[in-house]
Engineer: 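Handing you this structure, nothing more for now.
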2 protein chains.
Amino acid sequence: MFSKACEYGIKAMIYIAQAGEGGRLVSLKEIAAEIQSPVAFTAKILQLLSREGILLSTKGAFGGFQLAAAADKINLAEIVKAIDGDRVFNGCGLGLKECNALKPCPVHFKFAAFREQLADMLQTTNLHELAAGLKKGVSFLYR
Amino acid sequence: MFSKACEYGIKAMIYIAQAGEGGRLVSLKEIAAEIQSPVAFTAKILQLLSREGILLSTKGAFGGFQLAAAADKINLAEIVKAIDGDRVFNGCGLGLKECNALKPCPVHFKFAAFREQLADMLQTTNLHELAAGLKKGVSFLYR
DNA sequence: TTTATTAAGGATAAATTTGTCCGATTTATC
DNA sequence: GATAAATCGGACAAATTTATCCTTAATAAA
Ligand code: FES
Ligand code: FES
């Protein structure tokens, strides 16, 4: 579904939303430990999210990462798009170069409906609600 | 979403359903040409589908492949499961080792609903209806 | 029996994704 | 200014997926 990089990216963003409340900077080391991801690989992903402008980084001692906007203003679609591109949102289910309703693949109409629903879910799910579940202890970033 | 192998596998099965009506054997060469896939790689996938029992192969001159059951009795879920395994049907959206509603990841309840819909779509879509669209010329296997 | 055609399968190669290492840079504190 | 803590970024390595090559085996037709 999502690439490993994207999975890590989403988890990292959720964790930062939860741990970085009040503007506290969250370090790469802490993030990787909490989401159980390889440190250096996670660094690459956070760098990318910073370049994309949905994450802010601060170098130096006591530096770290913080969300570039309020947690309830950042949705999953932004993160997925930044890391995996938009194939998730408009790619053909059978891998044709582009999805096109005028020359559709055999599964197009069944697939497009469902892809639409996924896009909708990603767009309407924000980091605030996801972080809330974490804080309440009803959801988890690893197991 | 699906692996390249799975995309080729689905397209191949749809093509065989359409071109193999009346029990005619369809050759690897023809299949690869019609779905525009690399011949040898496609061979591996068809071998796998044969081992899985949803495709029948016949060696020798005028040999080829045919569906192991009537086209309307083979659904997409079987093909996907044979090639990509069942992670599509029960894998965690954030890559946790297993999806578990008792210790869910933050996106579990949003994701599981949608995964359910995908599984449903795959289970209720059979090769007969997909091949019909092809034959009518309203859908295409490449572009 | 020979030949042509076709799938099976093992070995290998290329491409992509995932992951590691390390030096450079930035910043707070001593 | 020196030191320690932290991100940045380039090069590299490992793992996985995708793709190719080639030999063997099976089968039909000449
Ligand atoms: S053309 Fe394949 S999903 Fe639209
Ligand atoms: S635990 Fe992640 S989707 Fe169910």
Side-chain angles (χ1 to χ4, degrees), chain A residues 1-12 16 19-20 23-33 35-68 80 82-85 87-88 91 94-95, chain B residues 1-12 16 19-20 24-68 80 82-85 87-88 91 94-95:
Chain A
M1 178 69 52
F2 306 121
S3 69
K4 221 69 183 135
C6 194
E7 290 175 1
Y8 293 147
I10 293 172
K11 290 199 237 184
I16 295 168
R24 177 187 157 236
L25 297 183
V26 188
S27 78
L28 166 65
K29 222 171 84 180
E30 177 181 343
I31 295 166
I35 72 177
Q36 302 224 330
S37 64
V39 178
F41 189 44
T42 306
K44 302 295 187 201
I45 298 159
L46 297 182
Q47 282 166 33
L48 170 60
L49 292 174
S50 296
R51 280 196 299 274
E52 292 287 330
I54 66 184
L55 198 56
L56 298 177
S57 73
T58 306
K59 281 185 165 186
F62 296 87
F65 296 87
Q66 61 189 314
L67 301 182
V80 171
I83 299 174
D84 279 352
R87 77 174 165 73
V88 171
L94 293 186
Chain B
M1 178 68 53
F2 306 121
S3 69
K4 220 71 184 135
C6 194
E7 290 174 0
Y8 293 147
I10 293 171
K11 289 197 238 184
I16 296 168
R24 175 186 158 236
L25 297 182
V26 189
S27 78
L28 166 63
K29 221 171 84 179
E30 177 181 343
I31 295 166
E34 291 292 335
I35 72 176
Q36 302 226 327
S37 63
V39 178
F41 188 45
T42 305
K44 301 295 188 201
I45 298 160
L46 297 181
Q47 282 167 33
L48 170 61
L49 292 174
S50 297
R51 281 197 298 275
E52 292 287 331
I54 64 184
L55 199 54
L56 298 177
S57 74
T58 307
K59 281 185 167 186
F62 295 86
F65 296 88
Q66 61 189 315
L67 301 182
V80 170
I83 299 174
D84 278 352
R87 78 175 164 71
V88 171
L94 292 186

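Bear in mind that the values here come from a model prediction, so they are computed numbers and not experimental data. In what follows, chains carry the letters A, B, and so on, assigned in the order in which the sequence lines appear, proteins first and then strands, with residues in each chain numbered from 1.
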Engineer: Taking only the side-chain heavy atoms of B/S27 (C-beta and beyond), determine which of D/dT18, C/dT6, D/dG9 contains the nearest atom.
Structural biologist: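 When the side chain of B/S27 is considered, C/dT6 is the closest of D/dT18, C/dT6, D/dG9.
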
Engineer: Write down the distance between CG (B/L48) and C1' (C/dG9), rounded to a whole number of angstrom.
Structural biologist: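 To the nearest whole Å, that distance equals 13 Å.
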
Engineer: Quick one: A/F41 CZ to D/dT16 P, roughly how many Å, whole number?
Structural biologist: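 The distance from CZ of A/F41 to P of D/dT16 comes to 13 Å, rounded to the nearest Å.
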
Engineer: Nearest heavy-atom pair of B/L94 and A/K11: which atoms, and what distance?
Structural biologist: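 So the two residues come closest at O-CE, 3.1 Å.
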
Engineer: Assign each of B/C6 and A/V26 to its nearest nucleotide of DNA chain D by heavy atoms, then name whichever residue's nucleotide is nearer the 5' end.
Structural biologist: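 Result of the comparison: A/V26.
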
Engineer: Rounded to the Å, how far apart are B/Q36 CD and D/dT18 C1'?
Structural biologist: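 These atoms are roughly 17 Å apart.
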
Engineer: Does a side-chain N or O from A/R51 land closer than 4.0 Å to OP1 or OP2 of D/dG9, or not?
Structural biologist: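 The answer is yes; a side-chain N or O of A/R51 sits under 4.0 Å from OP1 or OP2.
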
Engineer: Round to a whole Å and report the spacing from CG of A/L25 to P of C/dT27.
Structural biologist: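 Nearest whole value for this atom pair: 13 Å.
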
Engineer: Using the closest heavy atom to pick a nucleotide of DNA chain C for each, name whichever of B/S50 or A/A61 lands nearer the 5' end.
Structural biologist: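 Nearer the 5' end of the strand: B/S50.
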
Engineer: As a test of reading the structure: which of D/dT20, D/dT18, D/dA5 is closest to the side chain of B/A5, going by heavy atoms?
Structural biologist: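 From the listed options, D/dT18 comes nearest.
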
Engineer: Let me know which of A/I16, A/I45, A/L48 forms a side-chain contact (heavy atoms from CB on, under 4.5 Å) with A/L55.
Structural biologist: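 When side-chain contact (heavy atoms from CB on, under 4.5 Å) is applied between A/L55 and each of A/I16, A/I45, A/L48, only A/I16 qualifies.
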
Engineer: May I ask you to verify if any side-chain N or O of B/S57 is less than 4.0 angstrom from the OP1 or OP2 atom of C/dA8?
Structural biologist: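 Checking C/dA8 against B/S57, a side-chain N or O does come within under 4.0 Å of OP1 or OP2.
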
Engineer: Roughly how many Å is it from CZ in B/F62 to P in C/dA4, rounded to a whole number?
Structural biologist: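 After rounding, the reported distance stands at 14 Å.
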
Engineer: For C/dT18, does either OP1 or OP2 sit under 4.0 Å from a side-chain N or O belonging to A/Y8?
Structural biologist: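 Checking C/dT18 against A/Y8, no side-chain N or O comes under 4.0 Å of OP1 or OP2.
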
Engineer: In whole angstrom, give the distance that lies between atom NZ of B/K44 and atom C1' of C/dA7.
Structural biologist: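 It is 11 Å, rounded to the nearest whole Å.
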
Engineer: In whole angstrom, give the distance that lies between atom CZ of B/F65 and atom C1' of C/dT6.
Structural biologist: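 So the two atoms are 9 Å apart, to the nearest Å.
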
Engineer: For B/L28 and D/dA26, what is the distance between atoms CG and P respectively, to the nearest whole Å?
Structural biologist: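 Between P of D/dA26 and CG of B/L28: 19 Å.
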
Engineer: Among C/dG19, C/dA7, D/dT20, which nucleotide sits nearest the side chain of B/P38?
Structural biologist: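 Out of C/dG19, C/dA7, D/dT20, the nucleotide with an atom closest to B/P38's side chain is D/dT20.
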
Engineer: Grab the two heavy atoms, one from A/G95 and one from B/E7, that are nearest each other, plus how far apart they are.
Structural biologist: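 Closest approach of A/G95 to B/E7: CA-OE1, 3.3 Å.
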
Engineer: Counting only Watson-Crick pairs (N1-N3 plus N6-O4 or O6-N4) and G-U wobbles (N1-O2, O6-N3), all under 3.5 Å, who is the partner of C/dC30?
Structural biologist: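 Partner of C/dC30: D/dG1.
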
Engineer: Could you check whether B/G60 gets within reach of a base, just the sugar-phosphate, or nothing at all, counting any heavy atom under 4.0 Å?
Structural biologist: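 The answer is base, as B/G60 lies within the cut-off (heavy atoms under 4.0 Å) of a base atom.
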
